[in-house]
Amino acid sequence: MTDEKKISCRNVWKLYGDDPAGFLASHNNKPTTQAIRDGNYIPAVRDATIDVHTGEILVIMGLSGSGKSTLVRCMSKLIDPTGGEIDFDGTDLLRASKEELIEIRRHKMGMVFQNFALLPHRNVIQNIAFPLEVQGINKEEREAKAREIIELVGLEGRDKYFPRELSGGQQQRVGLARSLAAEPDVWFLDEPFSALDPLIRKEMQNEFLRLQNMLHKTIVFITHDFDEAIRLADRIAIMFEGEIVQVGTAEELITNPATDYVAEFTRDIPRAKLLSVASLMQPTKKKKAGKLSVKASDRIASVASAVLMQPDDVTVLDDAGKICGELSRDQVAAILFDTETTSAGA
Amino acid sequence: MAGPVPATEQMPSRLNMMAPMIPFALLWLFKPLLPSWAIVPPKSCLGGCGTIEGLIPFVDWVNAGIQFLRSYEIFGLFTFRDITRSIARGIDVPLDFTEALLYKGFGAVGPMPWVMIVGLMIVFGLYLRGWRLALLGGGTFFYLSLFSLRGIWELSMKTLSAIAVSVPLAAIIGLLIGIAAAKRQRIAMVVAPMLNILQSLPHFSYLIIVAIFFGVGAKAGVIATVIFAFPPMTRLTMLGLREISSEVREAGIMAGCTRWQMLYKVEIPSARSALMLGVNQVIMQCLAMVVIASFIGQPGLGHDLLTRLQNLRLGQAFEIGVAVVLIAVTLDRFSQALVEKEPERIKDGPLWVRHPYLCAIALIIVGSIGLASLTEAAVQLPKEYTVSISSYLDAMIKFITTSLFTPLGILRDFLLVYVFMPTKATFQSMPWVAVMALIGCVGWKLGRWKLALTVMAFVFFIAASGYWVRAVITLYMVFVALCICAAIGIPLGIWAAKKDRRTKFVLGLCDTFQTFPSFIYLLPAVMLFQISDVSAIFAIVVYATIPITRYTIFGLRNVPSQIVEAALTSGCTERQMLWKVRMPMAFPEMLLGLNQTLMFALFMVMIAGFIGTVDLSQEIFRALSFNDGGKGLVIGLCVSLIGLTADRLLVEWSNQQKKRLGFAN
């Protein structure tokens, strides 16, 4: 992951209603909630500013109706934003011509859909080869390429099956394969695993991480499931009523929620697995390490049992092995058992 | 209708329901006080007295339009009729081919031998569904071949050759219009009402116009058939394209499809089931036109059925009728199987494993050509092997009618004197302004001004056209038929909906009966009741009971199972379940069924005119024989508007009821 920006959204708006562009312009591109309500507009995305860095997994999460799907569709220009700017890998998406957009989609973007969106009349290999077929690549070449990807997603031997003959998980593997066929740089996934059973979902999440370890795409992943977000994300953006309320790592969201809404959202998450020792430790005057010392970068869950067996607080060492703080047993216990003191402590 | 239902309609009290009747009842009651123009629509002297029959000379206008198109020369070079006539000549090209293929032969090379057709139908049947369909297909054509003493084989081939040209033509035209309408909202706004009118217009009403512009014979038959058959294709294309999930469309865009690629690689294949259903509908509509198109000289089964029916040669007519029904059922089942056919995995192996059916087809073609070169019997079954049972049928029909003559005669006369005549008299005594008031009030109650004005405009057109008196007779027949249909269909539906097996049986029966071309229903009607209002209404009832039965079953069975379970745990008896739970929930569907029944009845009334009733249909037949295109079209529009008025009101009512029950629309 680098800090290079692959996609950059600036003040993106999507309003539904009569002449939304005119309305937005007349309010100086910053209409208030009241003005939007008075004008009978429905705000799907409000003033969204966010960057997607090359090689990262950015998870956009929120409940249904929060605008997360709309935002990702603005990024791929499936929906025309009402206002704002979107820079996609150096191209101004809002001003791109139809032909340019087709070129970008053919080579730089891939997308996976919640309900798979496979073409029912095509078998697995034809579905996967579809983006290549559309580009005009000849049959032999595109099917060879599709076969490679079939192996990559673990669907060997199913290449002549039709979608209706596959399970949900298998269908989504085809969806993943299809979106990868044209070797895009950017991968959009719109709640790809929400329609699957919990066990299959877990399996597919692992599969997804495995693929990403090999491919290093730039990923925008939509979900309404915070557990999924934590498992997959480098960074998480939380959306509420069309607005991006906070962007950060899972740990940042938990230790430092920007609003009550984010706090509410993250409340039931098992903190011990997410929080690092660094986020809980207190400054110390001790110069000598105690019986047990833990690393600042360790997760609480991985050191908890050892810490709780100790009679005293433990010292915390940084990466260089120097003492940088101490960790109290009470705090670890509070995190583990999720009592109220934690939010005060954090 | 957007917006919430007004609070008063949440709880329909009986008084509220009756309110729209009040002006109607008052006007009828005080009829003696009304001026004469308010009772029967007056004639006017617009465009010269004596020439027109109504207030506004619609007929003259249409005829003037036709005359203009006939004689006006575009750029002084050619007339509109020249264009249409050359289109007709264009249709002769594929028609010549199918005729040659099926019964004329290509000079030295003969037509397809019957063994080839039977063999191919068996293979198609096996491919599409299995041996039962194969048996139906092969059996039908074997029957046609066997019962060919009176030339049924050749007549069937004539009919099929016209269908073979009409179906693709109607399907393609329907598809293209459907795509255009699905893509462009503005086109849809023009197309939708045109489809409504085209589908409710009786076929006879535009036959004359087709004859004027396209001539007569097989090609004119094809054109009339195409005009009649393309609307369902357009509708289903629009529906199919609209119902593609937005994700599938987005997947196409994200793959980088151009607009053209999107259409033929994503949208059309994704809408395949709807489109195939459209083709199925087109085929059935084409078959329905087989008899009707014979009025403008289409040769084939329809023509012979018609003449034999007119000459009361019922046995022969029956034999041809069976052929028509068999062809209809076969084509229907085959095209339905095509709708449900899913693409299949191709197995690995040699050619005959990968493509077994293609190989079988090739084998049959080669084999039957070989057989045909050896023996003439493979080309056409020799006369000595063919049969006709029409003389036995005639004897049987004679026996039935003579033995049933007295009881049926008594029944007929009783119905005529005590039911039909009084109803007719009642209808005829209603002043037209009272009817206008009733329709207007109901429209206002259901949909305020917009709906009220629309339906009143429809009724006014009928009144002003000069065919009010005839229209009232049509209305009376449809009304009587509707009451009988409901009295049969609703209890039948209730009975059938109780058990799965009954439902399956009755729905199967409905399917089969609906496949029969409508003219077939005249056969038993004439056999049993001779020619009278009773036979017309009998034919209507047999045909139009289908939809109300079907919708009743559908409505009763589609009550959400949770609601049924809730009622059961509340301790409902079976009777309470029916009357307190299922029936109220099914009511909106039953209204739609009633609407469909009315459409079927109107359609059949027109055909029943052929056996002599004195309503609008008879006027159309008169126009047909006097070659009066304008009159035919205007009367057709009157019929169409009766249908559309009822359709608007009933569908709106049903929608409001659905909304009240909280069904998503």
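Order of the sequence lines fixes the chain letters, A, B, ..., with proteins taken first and strands second; residue numbering starts at 1 for each chain. Worth saying up front: this structure is predicted, and the values here are computed from it rather than measured.
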Quick one: what part of [X] sits under 4.5 Å from any heavy atom of chain B, side chain, backbone, both or neither?
| X | result |
| --- | --- |
| A:Phe188 | side chain |
| A:Gln114 | both |
| A:Phe162 | side chain |
| A:Asn123 | neither |

Take atom [atom1] in [X]; do more than 12 heavy atoms of anything else shown fall under 6.0 Å from it?
| X | atom1 | result |
| --- | --- | --- |
| B:Arg354 | CZ | yes |
| B:Arg186 | CZ | no |
| A:Glu85 | CD | no |
| B:Lys504 | NZ | no |
| A:Tyr41 | OH | yes |

Nearest-0.5 Å distance that lies between atom [atom1] in [X] and atom [atom2] in [Y]:
| X | Y | atom1 | atom2 | value |
| --- | --- | --- | --- | --- |
| B:Thr258 | A:Lys98 | OG1 | NZ | 11.0 Å |
| A:Ile102 | B:Arg259 | CD1 | CZ | 10.0 Å |
| B:Met254 | A:Ser179 | CE | OG | 9.5 Å |

Contact class of B:Ser246 relative to chain A, heavy atoms under 4.5 angstrom: neither

Residue B:Gln261 versus chain A: region with a heavy atom under 4.5 Å: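 Only the side chain of B:Gln261 comes within 4.5 Å of chain A.
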
Stepwise side chain to side chain contact (heavy atoms under 4.5 Å, CB included) check, A:Asn115 with B:Ser245: CA-CA 9 Å; A:Asn115 297 303; B:Ser245 86; over 6 Å; no

Part of residues 136-152 of chain A lying next to chain B, heavy-atom separation under 4.5 Å: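 When heavy atoms of chain B are the reference, residues 136-152 of chain A contributes no residue within the under-4.5 Å range.
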
A:Phe130 and B:Cys257: CA distance, side-chain angles, deciding distance, side chain to side chain contact (heavy atoms under 4.5 Å, CB included) verdict: CA-CA 10 Å; A:Phe130 179 68; B:Cys257 284; 3.6 Å; yes

Between A:Gln135, A:Arg73, A:Arg122, A:Glu99, the one whose heavy-atom pairs under 4.5 Å with chain B are most numerous: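 It is A:Arg73.
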
Donor-acceptor contact below 3.5 Å, side chain A:Arg106 vs main chain B:Gly256: yes

Student check: side-chain heavy atoms of B:Ser270 and A:Leu119 closer than 4.5 Å: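 They are in contact (side-chain heavy atoms under 4.5 Å apart), so the answer is yes.
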
Side chain to side chain contact (heavy atoms under 4.5 Å, CB included) between B:Lys265 and A:Glu133, worked out: CA-CA 10 Å; B:Lys265 281 184 195 274; A:Glu133 180 184 330; 2.4 Å; yes

